[in-house]
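Okay, structure first, notes after.
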Amino acid sequence: MKRDRHGEFVEQRGRKSAAYRKTFARTLQQIDLAMLVREMRGAAGFTQTELAKKARTTQSVIARLEDAEYAGHSLTMLERIAAACGVALKLRAEKKPDFDREVALV
């Protein structure tokens with residue numbers, strides 16, 4: 001069986017460096033947000049240009065939001081995109097052991 005050398009590397013670096021763990025987690029969040037925008041657009045059947053018109057922005061902004069390296073997602077823009085796609089957006093805040101709250105945004 002082939003070993004996952006990348007996974008091993010990430011695990012080793014993560015054990016040694018809190019900064020690396022934080023940066024890696026932030027990168028995963030950026031990827032998740034980019035995929036969320038792309039998946040909402042795809043499920044609605046829109047091109048980037050069509051979504052841009054419905055969300056009152058430009059195609060280049062939609063392209064940027066769908067880029068996994070982009071770190072400037074705003075809640076306001078995500079709400080506009082979700083509304084344009086007919087998607088219910090929720091925000092969840094939690095702190096273990098006793099705080100867990102979810103708010104519907106759109």
Side-chain angles (χ1 to χ4, degrees):
M1 183 169 165
K2 190 175 184 179
R3 294 176 55 103
D4 179 3
R5 308 241 327 128
H6 180 261
E8 288 176 18
F9 175 79
V10 169
E11 192 175 312
Q12 288 172 357
R13 288 285 306 266
R15 279 188 294 233
K16 294 178 184 177
S17 170
Y20 182 84
R21 285 192 305 272
K22 184 177 179 180
T23 300
F24 191 78
R26 179 65 181 149
T27 299
L28 291 178
Q29 290 172 344
Q30 288 172 214
I31 293 167
D32 284 345
L33 286 171
M35 288 177 60
L36 173 66
V37 173
R38 171 63 181 94
E39 289 170 0
M40 285 191 294
R41 180 175 65 79
F46 296 145
T47 64
Q48 287 181 345
T49 302
E50 291 168 335
L51 175 57
K53 282 183 181 179
K54 291 190 176 289
R56 300 175 322 278
T57 190
T58 63
Q59 179 275 329
S60 63
V61 168
I62 301 301
R64 191 175 322 124
L65 292 168
E66 291 182 1
D67 182 347
E69 294 181 20
Y70 180 67
H73 296 86
S74 74
L75 185 55
T76 301
M77 182 55 77
L78 291 172
E79 287 177 308
R80 285 169 47 193
I81 289 169
C85 293
V87 172
L89 195 59
K90 295 181 181 181
L91 178 65
R92 182 181 194 109
E94 60 184 28
K95 181 179 179 183
K96 302 298 180 193
D98 58 356
F99 186 82
D100 191 358
R101 182 90 154 68
E102 186 174 280
V103 177
L105 300 174
V106 175

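What you see below is based on every heavy atom in this structure, not just the backbone, and it leaves out hydrogens, waters and symmetry mates. Being a predicted model, the structure only gives us computed values, none of them experimental.
The shortest side-chain heavy-atom distance between T57 and L65 does not fall under the 4.5 Å cut-off. Considering only heavy atoms from C-beta on, L33 comes within 4.5 Å of L78 through its side chain.
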Quick one, I62 with I81, criterion side chain to side chain contact (heavy atoms under 4.5 Å, CB included). Give me CA distance, side-chain angles, the key distance, then yes/no. CA-CA 9 Å; I62 301 301; I81 289 169; 4.1 Å; yes
Decide side chain to side chain contact (heavy atoms under 4.5 Å, CB included) for M77 and V61; before the verdict, give the C-alpha distance in whole Å, the side-chain angles of both, and the deciding distance to 0.1 Å. CA-CA 10 Å; M77 182 55 77; V61 168; 4.2 Å; yes
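Annotation for R101: atom CZ does not count as buried by contact number, only 12 or fewer foreign heavy atoms lying within 6.0 Å. Around atom CD of E69, no more than 12 heavy atoms belonging to other residues, nucleotides or ligands sit under 6.0 Å away.
Here the NZ-CZ distance, from K54 to R80, works out to 14.0 Å after rounding to the nearest 0.5 Å. Within the model, atoms NZ of K53 and CD of Q48 stand 14.0 Å from one another, a figure rounded to the nearest 0.5 Å. From E79, atom CD reaches atom OG1 of T76 across 5.5 Å, with rounding to the nearest 0.5 Å.
What you find for Q59 and A52 is that their closest heavy atoms are N-CB, 3.5 Å. Nearest heavy-atom pair, A55 versus A84, reported as atom, atom and distance to 0.1 Å: N-CB, 4.1 Å.
In the model, T47 has no side-chain atom that pairs as donor or acceptor with a side-chain atom of T49 under 3.5 Å.
The aromatic rings of Y20 and F24 lie parallel to each other, their planes meeting at an angle below 30°, with 60° marking the opposite boundary.
A side chain to side chain donor-acceptor pair (under 3.5 Å) check over residues 32-45, counting only residues at least two apart or in different chains, returns the pairs R41-E66.
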